Amino acid sequence: MLRLLFFALLAIHISIMGYFWWMKEEVKPFDIKPIAATVNQRFDSVQSTINIVEAPVTLFMRMTGLHIKRFYCDFLRTAVLFWPASYGKIVVVFDQESSLDHKLANILERQFHQFFPDRKLEILYEPLPVNYETLLKLPWPKRDTGYNRQIWSSFLNDLYTNDTVIAWVDSDTAFSTSVTRNSMYNGTRLRVIGTDCTLLHADFARSCVKSAEISIGLPALADFMLHFPIYMYRDTFANCREYLMRRYKARNFEEVYRNISAQLRMALRERSLRLESQDLHLTSR
């Protein structure tokens, strides 16, 4: 039950991001231009396309020292093979209050300087949120704060880079093939891959989509959790927070997070009761 709740809230966040990405990338009505375009206009158009596709991309990870094994074994050993250093920096955000995180950060900086001098590593720290004692106990009171904090933090990824595009990964993400500009972009539009939530074998995705619709009031486009990196425009995160604050009439994002948590717990509790009722009905037959 708690595990389902965790993945449901994670799916909500990614679904929200997917929705705003889609709105930003929505195809505009075709505009017929005069055929007699000048050479300069054509050159400017091509140059604009080149600038968009070749802009730096931040490979972003929210990290904790507790995940050191998966970071080295899954992420780092594949990222240095398949993520071109020329595409952009790697940003790793640790917990500010953790001495373990600071120790690991120092080790990483030395190793990158020694073994990967052509790569830019940027290490930043996130402080505990206001009222974290209660905020990070939601919606899973039996879990420690770290389990909840990664979801809270995922709404704030844009605060740690100025690059236009963020390639978001988990600490256990493993690259299996080379990243190219064509795998990032479809023309000049970001390429984001998801799983069709209506497929018969995607029962888990469908349950997460339902939770997303309850919380954000928008239909989910797909499930994106199995297709890292997830490429997003940096301003998508700010747009997401702004939308949710308007939806919940909240003064700040802390109120939004608490409201979403409460709605999810209620919905999943009702689902659990329905399943128990069905089991009792089948048992009594």
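Residues take their numbers from the sequence shown, with the count starting at 1. Since this is a predicted model, take the numbers as computed values, not measurements.
A donor-acceptor pair under 3.5 Å is formed between the side chain of Ser153 and the backbone N or O of Arg149. For the pair Arg191 (side chain) and Asn182 (backbone), a donor-acceptor distance under 3.5 Å is present. Between the Tyr160 side chain and the Met61 main chain, no donor and acceptor come within less than 3.5 Å of each other. With hydrogens and angles ignored, the 3.5 Å screen pairs no side-chain donor or acceptor of Arg119 with any backbone N or O of Ile90. Side-chain N or O atoms of Asp74 include none that pairs as donor or acceptor with a backbone N or O of Thr173 at under 3.5 Å. At distances below 3.5 Å, not a single donor-acceptor pair connects side-chain atoms of Asn106 with backbone N or O atoms of Glu109.
Looking only at side-chain heavy atoms (C-beta outward), Leu121 and Phe116 stay at 4.5 Å or farther from each other. You'll find the side chain of Phe112 stays beyond 4.5 Å of the side chain of Ile123, heavy atoms only. Side-chain atoms of Gln111 and Tyr72, non-hydrogen and from C-beta on, do get closer than 4.5 Å to each other. Proximity of Phe175 to Pro229: side-chain heavy atoms (C-beta onward) are separated by under 4.5 Å at one or more points. Taking 4.5 Å as the limit, some side-chain heavy atom of Val179 sits within range of a side-chain heavy atom of Pro84. Contact check for Val256 versus Tyr243: no side-chain heavy atoms found under the 4.5 Å cut-off.
Residue Tyr233 comes nearest to Arg189 through the heavy atom pair OH-CA, 4.5 Å, listed as atom of the first residue, atom of the second, then distance. Listed here is the closest heavy atom pair of Ser183 and Tyr231: O-CE1, 4.2 Å. Heavy-atom minimum distance, Pro219 versus Glu213: CA-OE2, 3.7 Å. Listed here is the closest heavy atom pair of Leu135 and Arg258: N-NH2, 3.5 Å.
Distance check: Arg181 CZ to Met184 CE gives 5.5 Å after rounding to the nearest 0.5 Å. Taking CD of Glu126 as the start and CG of Asn157 as the end, the distance is 9.0 Å to the nearest 0.5 Å. Rounding to the nearest 0.5 Å places OG1 of Thr161 at 3.5 Å from NZ of Lys89. Here Leu190 contributes atom CG and Thr236 contributes atom OG1; the two are 8.5 Å apart, rounded to the nearest 0.5 Å. For the atom pair CG of Asp235 and CG of Asp158, the computed distance is 8.5 Å after rounding to the nearest 0.5 Å. How far CG of Asp163 is from CZ of Arg234: 9.0 Å, rounded to the nearest 0.5 Å.
A perpendicular orientation is assigned to the rings of Phe237 and Trp168, their planes being inclined by more than 60° (bins at 30° and 60°). Tyr87 and Trp83 have perpendicular rings, their planes meeting at more than 60° on a 0 to 90° scale where under 30° would count as parallel. Classified by interplanar angle (parallel below 30°, tilted 30° to 60°, perpendicular above 60°), the ring pair Tyr125/His102 is parallel.
No side-chain donor-acceptor contact under 3.5 Å links Tyr132 and Glu97. Using modelled atom types, one finds no donor on one side chain facing an acceptor on the other under 3.5 Å when comparing Ser98 with Asp95.
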- Apply side chain to side chain contact (heavy atoms under 4.5 Å, CB included) to Phe94 and Leu108, showing your working. CA-CA 12 Å; Phe94 285 102; Leu108 276 175; 4.0 Å; yes
- Message: Working note: Arg247 + Leu218, criterion side chain to side chain contact (heavy atoms under 4.5 Å, CB included); need CA distance, chi angles, decisive distance, verdict.
- Response: CA-CA 11 Å; Arg247 169 172 168 75; Leu218 298 170; over 6 Å; no
- Item | Residue pair Gln96, Leu128: steps toward the side chain to side chain contact (heavy atoms under 4.5 Å, CB included) verdict | CA-CA 7 Å; Gln96 187 179 69; Leu128 283 165; over 6 Å; no
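Hydrophobic clustering keeps Met232 apart from Ile193 (ILVMFWY residues linked when any side-chain heavy atoms are closer than 4.5 Å, directly or through intermediates). Criterion: ILVMFWY side-chain heavy atoms under 4.5 Å apart, direct or through other members. Under it, Val130 and Ile260 are not part of a common hydrophobic cluster.
No salt bridge links Asp172 with Lys69; every basic N to acidic carboxylate O contact stays at or beyond 4.0 Å.
Atom NE2 of His227 has more than 12 neighbouring heavy atoms from other residues, nucleotides or ligands inside a 6.0 Å radius.
Screening Asp101, Val93, Leu104, Val91 for a side-chain contact (heavy atoms from CB on, under 4.5 Å) with Met63, the sole residue that qualifies is Leu104.
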